[in-house]
Amino acid sequence: MTKPICLTGIKPTGMPHLGNYLGAIKPAIEMANSNQYDCFYFIADYHSLTTIHQPKLMSQYVYEVAATWLSMGLDPEKVTIYRQSDLPQIMEMNWILSCFTAKGHMNRAHAYKALSQANIDAGRDSDQGVNMGIYGYPVLMAADILFLRTNLVPVGADQLQHIEIAREIVSSFNAVYGEVLVAPEAMVQSETLIPGLDGRKMSKSYQNTIPLFLPEKKLQKLINKIKTDSLPPEAPKDPADSLIFDLYKFFSTKQQQDELAAWFKRGIGWGEAKAELFKVINAGLEQPRARYEELMANPKEIDRILEMGAEKVRPKAQEFLTKVKKATGIIC
Ligand code: TRP
């Protein structure tokens, strides 16, 4: 029996943080390990090129994100992991699909709209700083998805509109040429809110993140910055109303949680609570951190793994692209 094809893109924009890990990386790795899907996870470097124009940063981000997924348990035997830019077929698909994409859909895409609205609000020309890559971002994303006849796309809720656009492109194309493209379904990852240092959602834009792979000392320092109230150490505290406890839950067993909850109720000093939190997070990250550092010191190994993935996908990509080109009469 063939398994559903599950594909997702990872945009390299900096070292992932705990929120990224718990919200996206961990569930995607669990999906791959369930053996129920044929999984393809790729590094969307051309999507990053819409905004990242510093060559050193670009390559650093690609390695960081690949090393993160690999060290957190992605098994390249179970998941085909590759670089988007290693498959020129995606770029050909991108053009073909763009000829079936209503410009109006691009005008309405959230990311582009937000940028032009910000320009308008600031009294600037609405297109200032908007390149064609940003504008056409959803088409490239459709190409990523459609060239593999993807069935399922695990994404965050912010990406739903993009999947919708990909489905629209499928309808426009298939209306002309018949059932050539496969319409993908989004699979929205449950929105467990992972709080950041200040209690708001952990997000790079709030600068409240805990990056995954900090040296121990730095990790400890950041954890010490978590916002607390000014209750004295001996005062009983409510675990349900504590950011430290919220984060603790993600890294501990039920028994550890019960024990810490009891300590909260007896009275725990915030310093002590933070030390407990550090212990569990650090224990969970110790091994992956060592593997991460090993990979980052040896980027050739990362290249090798990504190239291995690209080699697996390339023949499929070429075969399907030929089919699409034949459908259009570009190849006869
Ligand atoms: N746009 C996605 C993001 O910002 C990344 C991405 C690129 C993607 N291509 C994709 C996700 C294809 C799913 C499928 O996170």
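The first residue in the sequence is number 1, and the count goes up from there. Atoms within a ligand are numbered from 1 in the order they appear, just like the ligands themselves. Every value quoted in this text rests on a predicted model; they were computed, and no experiment measured them.
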**Q** Between CD1 of Ile169 and CD of Glu164, what distance do you get to the nearest 0.5 Å?
**A**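 So the CD1 of Ile169 and the CD of Glu164 are separated by 11.0 Å.
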**Q** With under 30° as parallel and over 60° as perpendicular, where do the rings of Phe173 and Phe100 fit, or are they tilted in between?
**A**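 Plane angle over 60°, so perpendicular.
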**Q** Are the side chains of His17 and Ile210 in touch, meaning some heavy atoms are under 4.5 Å apart?
**A**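 Not touching, per the 4.5 Å side-chain cut-off.
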**Q** Got a salt bridge between Arg289 and Glu286, using NZ or NE/NH1/NH2 to carboxylate O under 4.0 Å?
**A**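 Result for this pair is no, no salt bridge flagged.
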**Q** Within a strict 4.5 Å, meaning less than it, do heavy atoms of the Trp69 and Tyr41 side chains meet?
**A**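 With C-beta onward as the side chain, the pair touches.
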**Q** State whether Arg83 and Glu307 are salt-bridged, where the test is any N-O pair (Lys NZ or Arg NE/NH1/NH2 against Asp/Glu carboxylate O) under 4.0 Å.
**A**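 Glu307 and Arg83: not salt-bridged.
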**Q** Kindly print each ligand 1 N/O atom paired with any protein N/O atom under 3.5 angstrom away, one pair per line, or none if nothing qualifies.
**A**
{"residue": "ligand 1", "atom": "1 (N)", "partner": "Tyr137", "partner atom": "OH", "Å": "2.7"}
{"residue": "ligand 1", "atom": "1 (N)", "partner": "Gln159", "partner atom": "OE1", "Å": "2.9"}
{"residue": "ligand 1", "atom": "4 (O)", "partner": "Tyr137", "partner atom": "OH", "Å": "3.2"}
{"residue": "ligand 1", "atom": "4 (O)", "partner": "Gln159", "partner atom": "NE2", "Å": "3.4"}
{"residue": "ligand 1", "atom": "9 (N)", "partner": "Asp144", "partner atom": "OD2", "Å": "2.7"}

